Each structure stands twice: as C-alpha cells, then as structure tokens.
Novice: 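A single structure is presented below for examination.
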Amino acid sequence: MDINEQKSLLEELAPDLLLYEKKIEEKKLPPLPNAVRGRVVTRLPPEPSGYMHIGHAMSGLLNYFYARMYDGRVWLRFEDTDPRKVKLEYYESFRRGYKWLGIEWDYEKNNSDDIELFYDYAEKIIELGKAYVCFCPHEKIKSYRKKGEECEHRSQDVDENLKYWGMMLSGRFREGEAILRLAGDMKSKNTTMRDPAILRIVEYSHPLVGARYRVWPLYDFAVSIEDGICGITHILRTSEFALRDELQNYIRDLVGMSNPTYIEYSRFEFKGTPVSKRKLRAVMEAGLADRWDDPRFPTIEGLKKRGIIPEAIKEFTLTQTGFSYAKREYDWSLLYSVNRKILDPVARRFFFTPNPIKLKIEQLESGEITIPYHPTNRSLGVRKISYTDEFYISSLDAENMKTGDTIRLKYLTNVKITNVSRYEVTGIRVSGGPAQNIPIIQWVPSHKCLNVKVLVPDVLYLDEEEINPESLKIVEGYAEENIVDIKVDEIVQFERFGFCRCDSADDRIFIKAHD
RNA sequence: GCUCCGGUAGUAUAGCCAGGCCAAGUAUGCGGGCCUCUCGAGCCCGAGACCCGGGUUCAAAUCCCGGCCGGAGCACCA
C-alpha cells in the first residue's frame with residue numbers, strides 16, 4: 001500500500017484523524033518572542049468611537065490566539081479617554097463583535113474607570129521633575145516642537161508645577177489654557193518624545209462618567225499606565241503605533257513599571273473596501289449606502305450580513321496573514337475561499353433561477369420528486385418538489401440553448417429543445433439520465449415557486465478615491481418553495497449561483513456571499 | 001518637507017536575523033484534466049515572483065551601499 005492508498009483508506013475509516021493533523025499543521029502561529037507559558041497577557045484595546053471592523057477583528061484574534069496559545073490571559077480594555085469621540089453604543093458593538101468571533105476575554109475595564117489613578121501617576125511624574133504644566137498656545141507648541149526647542153514653562157520648578165496642576169484639576173483653567181506635558185527630549189528624532197501632552201482639560205461630558213472629571217489623560221499616557229497596571233506582556237498592534245513604543249516605555253520607566261514586547265504589522269485591508277470612516281462616509285454621502293451594517297462594508301455587522309462566518313475570519317487570520325510591515329491589500333477571494341470551504345459541507349442546496357424564463361415541456365406528466373439538500377452530507381435531509389409541465393429556468397441558461405439541443409433538468413428529466421424565443425423555451429421530454437455532454441440546469445416549477453431577491457455586494461471603491469457606482473447589484477428570480485423554511489441568517493447555496501445568507505425570511509431577501 | 005519602516009508570482013504569504021540543502025515552498029486566483037446529476041467541493045497537471053544597479057563572498061532572495069517605488073508617523077485623537 002503506498003502512501004496515497006493509505007491516506008485514502010484512512011480518509012474512509014477515520015477522516016477526523018486526517019483533518020486533525022491538517023488543522024494543527026495549518027493553525028500554527030509563529031512563536032511569540034519572550035513568551036513564557038502561563039505568563040502571557042495580551043489586550044483588546046478598542047476605542048469606542050465607531051463600529052468594529054475587520055481590522056479590529058483580525059488584530060483582536062491575534063491577541064486572543066497568542067494568549068490562548070501560551071495559556072495566558074486577555075484584557076478587553078476600552079480606550080475611552082476622549083469624551084467627545086466616545087459613544088455608548090460602540091462599547092457594545094465591540095463586545096458583540098468579539099463575542100461573535102469567539103474571543104473570550106478574561107478581564108474587562110475602561111480607561112475612564114481609572115481617571116483618579118492617572119492623576120496619581122501624573123503627580124508622581126511631576127514630583128520626579130519629569131512633567132510640567134504648559135500654558136503655550138497650540139500653535140506655539142507645534143512650532144517649538146518642530147524646531148526642537150523648549151518653551152519657558154519647562155523650567156518651572158516642581159512646586160510651581162504642582163500648584164498649577166492643582167489648579168488644572170480644580171477648574172481654575174479653561175479647556176485649552178493649560179496642559180500637562182511630559183519632559184521628554186525636544187531634540188529627539190522621534191517627534192513623539194518632544195514633550196508630548198499627557199493630560200489635558202476637556203469640558204465635555206463623558207458617556208460613562210459624565211462631567212465628573214475635567215482633566216483627561218491623552219492616549220500615550222493612559223495606555224502606558226494601563227498596560228503596566230494590567231500586566232500586559234505582549235502587544236500586537238498595527239504599525240501606526242510603532243513610533244510610540246519609545247514614549248510608552250519611557251513613561252513606564254518613570255513610574256517603575258515593566259515594559260511589554262511589541263509586535264507590529266501593517267494594517268489589514270481588503271481591496272476596494274476601506275475601513276476608514278471618511279471613505280465609508282463618502283459612500284453614504286454619494287447615496288450608495290445608508291447603514292453601517294451594509295453588507296459591502298468592512299464592519300463586523302456588514303461582514304456578518306454578507307455571510308462571512310466568524311470561523312472563516314479566524315481561519316483566515318491564522319493561516320493567510322503574517323506580520324508583514326509592507327502595505328498589503330487582501331483580495332476578497334482569499335477570504336471567500338476559506339469561507340466557502342467551511343460552508344460547503346454544511347450549507348443546504350436550493351434551486352434558484354435568476355432572471356427566469358418559462359420552459360414548457362411536452363409529454364411530461366406532473367409529479368413530485370424527492371431530492372437531497374446536499375450532494376454528500378446526508379444529515380441535511382431531503383426535500384420534495386412537485387411539478388407540472390411548466391417551469392422556470394434561468395435566462396442565462398436559456399441563452400445557451402438552441403433548437404435540437406438536449407439539456408437536463410437536474411434530478412428530473414432530459415429535455416430536447418424544440419423552440420427558443422425571447423419569452424419562452426419549449427421542449428419535449430426525452431428519456432435518459434445525466435450524461436457527459438448534456439448540460440444540467442436548475443429549475444423551479446412555475447405553479448409553485450417564490451419570488452426571491454438577492455443582493456450581490458461588490459467592492460466599494462474601484463481605486464483609491466473612485467467610488468464604485470455599482471457596488472450593489474440586485475438579482476431577482478424564482479426559487480423552489482422549500483426556501484420557506486430557511487431562517488434568517490442561514491447560509492444556503494443556490495446551486496450554480498452561489499452561497500447566500502438569508503437576510504429577511506418574510507421578504508425573501510438574500511445576500512450573496514460569494515460563488 | 002522631516003523622521004522611521006518596508007519592497008518575494010495577480011493577491012496574500014514562507015524563506016531573510018544565524019549566506020550554500022531556494023533552478024524559491026504554500027494558499028488563493030488563473031489555464032487544463034479527472035470526478036461529481038451544481039459553474040460549489042474534492043483530486044491531478046500547468047503557467048506565474050526574489051524592485052533596479054553596484055559591492056562583499058568560492059557562493060546573495062538572504063549581508064552592505066545607492067536609486068526607484070510604497071507605507072506609517074509628525075495632535076491638547078486613538
């Protein structure tokens with residue numbers, strides 16, 4: 001017995017064994033540097049200022065998988081320190097999204113829970129002489145930063161800074177009048193080190209803590225302290241943060257916290273489907289979409305509507321990506337393929353005839369056939385279709401027919417075409433079964449079929465700035481009556497048309513995921 | 001503009017740190033065949049890439065320099 005014979009025998013006897021072997025092989029993530037089993041702590045750090053999208057999902061998955069791989073822990077921590085941007089509904093969007101993906105986090109908190117703690121650390125840094133209250137106007141700060149020069153406030157002594165800091169907290173200054181700056185290095189090549197603002201005054205109510213605080217930490221400060229407190233050991237994030245590693249480490253060094261290992265990579269993007277809010281809004285403003293869960297959008301809700309299943313995103317993230325620093329744009333076909341392979345063995349098959357045209361068959365007696373919902377997965381059961389001598393078929397199939405051809409209505413009968421017109425095809429029943437040279441097509445009985453609408457999403461953008469005016473096509477047709485028991489969210493395959501998710505059972509609206 | 005960082009088939013990646021086993025592996029897409037009562041899945045075959053130019057070396061996808069192209073950052077956003 002050679003290896004192939006052995007394999008096929010094994011496949012017959014115990015297919016699970018092979019699958020298992022394959023899964024382990026494929027799902028292996030490269031080892032995480034500096035990782036100790038049981039000690040790894042990662043985090044999901046969403047900013048609740050917009051809907052969760054595929055990029056959040058993939059980054060989240062990576063952080064989650066590595067924690068699991070090393071028997072570690074995961075934090076869900078909302079980076080909600082800009083009261084003006086944060087909205088309540090988005091917190092839940094992320095929780096829902098992560099759950100949908102099967103990510104289980106061990107701990108959850110919001111940065112806004114810890115405002116007083118940030119104050120304590122800020123004070124500590126002021127006492128260290130490493131932070132000062134700056135009163136320079138915005139423009140001046142900017143230009144000094146550019147020149148690499150220090151302003152006069154940097155030389156204030158600790159007591160002065162402590163006094164001003166107290167005034168910031170007590171409301172003696174208005175928003176914009178004073179900020180707390182870290183004494184970094186105005187000459188650093190890394191511009192984030194040039195005395196960044198670490199806390200500022202915000203006179204705006206926060207959705208979670210209201211107007212209780214008027215001084216809010218900025219990103220780098222909040223994140224460094226929180227990562228330290230949470231004991232984060234590994235940060236997997238996109239490369240736009242790369243320049244901040246130095247700053248964040250510096251802040252932790254000042255307060256005696258240890259630093260994590262960073263793994264950074266370029267953003268996950270899909271061709272023609274930007275995640276940027278600006279570009280998505282542009283599509284909405286062009287009147288081409290009106291919801292954030294539009295199936296063409298890269299939001300989690302959009303992906304879900306489109307029939308992309310979480311397992312596919314997981315599998316895709318694990319097997320098709322890497323930690324590349326170069327710009328990348330995934331082709332949708334990569335994700336589709338993974339999605340299709342997971343769906344194929346479990347999706348029920350139905351007959352659907354897009355842009356239908358009538359087919360009349362002579363010498364065919366009415367009857368009923370029983371056919372399987374899946375060609376090989378018997379557990380999906382069978383369905384019945386009754387028929388007369390009148391059918392609908394896809395006009396696409398009809399276009400390829402001419403008088404004299406023989407075609408086959410799948411599972412039913414062979415038909416010799418006697419006439420083809422724009423409005424109708426006629427044929428006569430002929431005996432015989434499926435054969436090599438006879439095309440097999442889908443059909444529905446004309447007396448018992450249902451009107452179905454299928455939304456077919458395409459890319460939003462044709463290139464960087466050019467919006468695709470035809471990103472959503474609508475295909476209408478008839479489907480066999482059995483589709484009535486398809487529930488919302490079920491993904492089925494309309495044979496020779498594609499995998500489609502049921503979006504509305506009542507209105508019989510489907511969304512095509514892919515072929 | 002300044003500062004970082006990248007560039008392997010159409011796309012996404014492995015390999016690069018520790019040069020030779022790479023006439024470059026994998027997935028997807030594409031072409032062809034088999035199988036199948038789907039244009040899906042599965043199986044088999046095929047075409048397809050180391051950005052360019054120098055240098056180091058017996059030997060470079062891998063190291064060095066220059067060029068070109070691309071990305072990120074340059075907030076009192078995250």
Side-chain angles (χ1 to χ4, degrees), chain A residues 4 8 11 25-26 30 45-50 78-82 84-86 111 134 136-138 141-142 145-146 148 175-181 188-192 194 196-202 215-220 222-223 237-244 246 264-271 316 319-338 340-341 343-345 347 349-352 371-372 374-377 394 396-397 408-414 433-436 438-442 493-499 514-515:
Chain A
N4 285 325
S8 59
E11 195 129 33
E25 257 269 298
E26 285 175 357
E47 183 192 27
S49 67
F78 287 99
E79 306 279 339
D80 58 350
T81 49
D82 187 345
R84 268 186 253 269
K85 285 172 74 181
V86 172
N111 285 355
C134 180
C136 295
H138 210 302
I141 292 178
K142 235 175 147 172
R145 187 126 60 204
K146 199 162 188 178
E175 178 168 342
E177 283 177 0
I179 55 169
L180 188 71
R181 285 230 258 171
S188 175
K189 272 186 143 182
N190 181 348
T191 47
T192 61
R194 323 246 260 228
I198 52 175
L199 289 107
R200 85 307 203 171
I201 298 166
V202 181
V215 176
W216 284 85
L218 269 321
Y219 170 73
D220 287 296
V223 102
R237 48 149 69 140
T238 48
S239 55
E240 68 251 38
F241 298 102
L243 251 33
R244 333 210 65 108
E246 186 186 355
E264 281 146 352
Y265 39 81
S266 64
R267 300 166 90 115
F268 300 106
E269 289 185 63
F270 282 80
K271 205 186 226 150
F316 180 79
T319 63
Q320 305 294 313
T321 70
F323 297 130
S324 160
Y325 240 106
K327 180 193 162 87
R328 48 180 161 187
E329 265 188 339
Y330 294 102
D331 195 286
W332 280 100
S333 66
L334 261 17
L335 217 205
Y336 289 163
S337 160
V338 176
R340 181 160 49 228
K341 278 172 193 165
L343 246 23
D344 188 77
R349 268 59 172 174
F350 290 88
F351 286 171
F352 167 62
I371 57 180
H374 191 282
T376 53
N377 184 349
S394 163
L396 223 60
D397 288 328
R408 177 170 177 77
L409 300 189
K410 189 170 178 180
Y411 296 127
L412 217 206
T413 181
N414 291 359
Q436 286 257 316
I438 301 177
I440 297 167
I441 65 166
Q442 276 55 59
Q493 189 204 48
F494 287 142
E495 286 196 36
R496 296 201 308 140
F497 180 81
F499 290 88
H514 44 68
D515 289 338

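Chain identifiers are assigned alphabetically (A, B, ...) following the order of the sequence lines, protein sequences preceding nucleic acid strands; residue numbering begins at 1 within each chain. From a predicted model like this one, the values you see are computed outputs, not experimental measurements.
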Novice: Go through B/C37, B/G42, B/C77 for me and flag the one nearest to the A/L218 side chain.
Specialist: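 Shortest atom-to-atom distance from the side chain points to B/C77.
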Novice: Which is more 5' along RNA chain B, the nucleotide nearest A/Q320 or the one nearest A/F494? Just name the residue.
Specialist: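 Taking each residue's closest nucleotide, the earlier one in sequence belongs to A/Q320.
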Novice: Only pairs with both distances under 3.5 Å count, Watson-Crick or wobble alike; so what is the partner of B/G1 in this structure?
Specialist: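 B/G1 is paired, partner B/C74.
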Novice: With a 3.5 Å limit on both atom pairs, tell me what B/C43 is paired to, counting Watson-Crick and G-U wobble, or say none.
Specialist: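 For B/C43, the partner nucleotide comes out as B/G33, under the 3.5 Å rule.
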Novice: Using heavy-atom distances to pick each residue's nearest nucleotide on RNA chain B, tell me which of A/D397 and A/P46 is more 5'.
Specialist: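 With A/P46 and A/D397 compared, the 5'-side residue is A/D397.
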Novice: Stepwise, does the side chain to side chain contact (heavy atoms under 4.5 Å, CB included) test hold for A/S266 with A/K327?
Specialist: CA-CA 6 Å; A/S266 64; A/K327 180 193 162 87; 5.7 Å; no
Novice: Can you tell me the pairing partner of B/A49 across any strand shown, Watson-Crick or G-U wobble, with both distances under 3.5 angstrom?
Specialist: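 Pair assignment: B/A49 / none.
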Novice: Nearest to the side chain of A/K271, which nucleotide is it out of B/G73, B/U11, B/C76?
Specialist: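 Looking only at side-chain atoms, A/K271 lies closest to B/U11.
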Novice: Is A/Y411 touching bases, backbone alone, or none of the nucleic acid, heavy atoms closer than 4.0 Å?
Specialist: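 A/Y411: base contact, heavy atoms under 4.0 Å.
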Novice: In whole Å, I'd like the distance from the CG atom of A/N377 to the P atom of B/G42.
Specialist: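 Going from CG in A/N377 over to P in B/G42 covers 15 Å.
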Novice: Any side-chain N or O of A/R328 below 4.0 angstrom from OP1/OP2 of B/U11?
Specialist: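 No.
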Novice: Once you measure the plane-to-plane angle for A/F316 and A/F270, does it fall in the parallel (<30°), tilted (30-60°) or perpendicular (>60°) bin?
Specialist: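 Tilted: the ring planes of A/F316 and A/F270 meet at 30° to 60°.
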Novice: Without decimals, in angstroms, what is the distance between A/I371 CD1 and B/U38 C1'?
Specialist: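 Atom CD1 in A/I371 sits about 12 Å away from atom C1' in B/U38.
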Novice: Taking atom C1' in both B/C30 and B/G66, compute the distance separating them and give it to the nearest angstrom.
Specialist: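 Each nucleotide's C1' atom is 38 Å from the other's.
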Novice: A/D515 CG to B/U28 P: how many Å, rounded?
Specialist: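 Answer to the nearest Å: 15 Å.
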Novice: Go ahead and name the base partner of B/A14; Watson-Crick or wobble counts if both distances stay under 3.5 Å, otherwise write none.
Specialist: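 WC or wobble partner does not exist here.
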Novice: Restricting to non-hydrogen atoms, name the atom on A/G322 and the atom on A/Y330 that form the minimum distance, rounded to 0.1 Å.
Specialist: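 The answer is N-OH, 4.4 Å.
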Novice: From B/A75, B/C74, B/U38, pick the nucleotide closest to the side chain of A/Q493?
Specialist: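 Side chain of A/Q493 sits closest to B/U38.
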Novice: What orientation do A/F352 and A/F497 show, parallel under 30°, tilted 30 to 60°, or perpendicular over 60°?
Specialist: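 Ring orientation of A/F352 relative to A/F497: perpendicular.
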Novice: Just do the side chain to side chain contact (heavy atoms under 4.5 Å, CB included) check on A/E79 and A/V223 with the steps written out, would you?
Specialist: CA-CA 8 Å; A/E79 306 279 339; A/V223 102; 3.5 Å; yes
Novice: Measure the distance from CH2 on A/W332 to P on B/U28 and round it to the nearest whole Å.
Specialist: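 After rounding, the reported distance stands at 18 Å.
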Novice: Ring centres under 6.0 Å, that's the criterion: do A/F499 and A/F494 meet it?
Specialist: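 No, the ring of A/F499 stays outside the 6.0 Å limit from the ring of A/F494, centre to centre.
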Novice: Is there a side-chain contact between A/N111 and A/W216, using heavy atoms and a 4.5 Å cut-off?
Specialist: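 In short, these two side chains do not touch, never coming nearer than 4.5 Å.
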Novice: The test is salt bridge (Lys or Arg N to Asp or Glu O under 4.0 Å); show your working for A/E47 and A/R84 and say whether it passes.
Specialist: CA-CA 12 Å; A/E47 183 192 27; A/R84 268 186 253 269; over 6 Å; no
Novice: What integer distance in Å separates A/N414:CG from B/C37:C1'?
Specialist: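 Going from CG in A/N414 over to C1' in B/C37 covers 10 Å.
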Novice: Look at the side-chain N and O atoms of A/R145 and state whether any lies under 4.0 Å from the OP1 or OP2 oxygen of B/C76.
Specialist: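 Checking B/C76 against A/R145, a side-chain N or O does come within under 4.0 Å of OP1 or OP2.
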Novice: Using whole Å, what does the distance between atom C1' of nucleotide B/C77 and atom CZ of A/R200 come to?
Specialist: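 One finds 8 Å between C1' of B/C77 and CZ of A/R200, rounded.
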Novice: Quick one: is B/U26 close enough that its OP1 or OP2 comes under 4.0 Å of any side-chain N or O from A/T319?
Specialist: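 No, because none of the side-chain N or O atoms of A/T319 sits under 4.0 Å from OP1 or OP2 of B/U26.
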Novice: Looking at A/R340, does any N or O in its side chain come under 4.0 Å of the phosphate oxygens OP1/OP2 on B/A41?
Specialist: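 For A/R340, the contact criterion (side-chain N or O under 4.0 Å from OP1 or OP2 of B/A41) is met.
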Novice: Quick check for you: among B/G29, B/A12, B/C77, whose closest atom lies nearest to any side-chain atom of A/K85?
Specialist: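 Closest nucleotide to the A/K85 side chain: B/C77.
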Novice: Expressed as a whole number of Å, how far does the P atom of B/G70 sit from that of B/A24?
Specialist: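 B/G70 and B/A24 have their P atoms separated by 30 Å.
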Novice: From the set B/C37, B/A75, B/A41, return the single nucleotide nearest to any side-chain atom of A/K410.
Specialist: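 Out of B/C37, B/A75, B/A41, the nucleotide with an atom closest to A/K410's side chain is B/C37.
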Novice: To the nearest Å, how far apart are A/L334 CG and B/U13 P?
Specialist: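 After rounding, the gap between these two atoms is 9 Å.
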Novice: Enumerate all atom pairs, one protein N or O and one N or O from nucleotides 4-6 of chain B, separated by less than 3.5 Å.
Specialist:
unit_1 : atom_1 : unit_2 : atom_2 : d
B/C4   : OP1    : A/K189 : NZ     : 2.7
B/G6   : O2'    : A/A326 : N      : 3.3

Novice: Atom CZ of A/F241 and atom P of B/C77: how far apart are they, to the nearest Å?
Specialist: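 The distance from CZ of A/F241 to P of B/C77 comes to 15 Å, rounded to the nearest Å.
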Novice: Tell me which nucleotide, if any, is Watson-Crick or G-U wobble paired with B/C69 when both distances must be under 3.5 Å.
Specialist: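 Paired with B/C69, as far as the under-3.5 Å criterion goes, is B/G6.
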Novice: A/S266 near the nucleic acid: base, sugar-phosphate alone, or nothing, with a heavy-atom cut-off under 4.0 Å?
Specialist: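 It contacts nothing in the nucleic acid.
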Novice: Could you tell me which nucleotide pairs with B/G20 by Watson-Crick or G-U wobble geometry, both distances under 3.5 Å, or answer none if nothing does?
Specialist: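 Partner of B/G20: B/C58.
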Novice: When rounded to the nearest 0.5 angstrom, what distance separates OH in A/Y411 from CD in A/Q442?
Specialist: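 Reported to 0.5 Å precision, the distance equals 9.0 Å.
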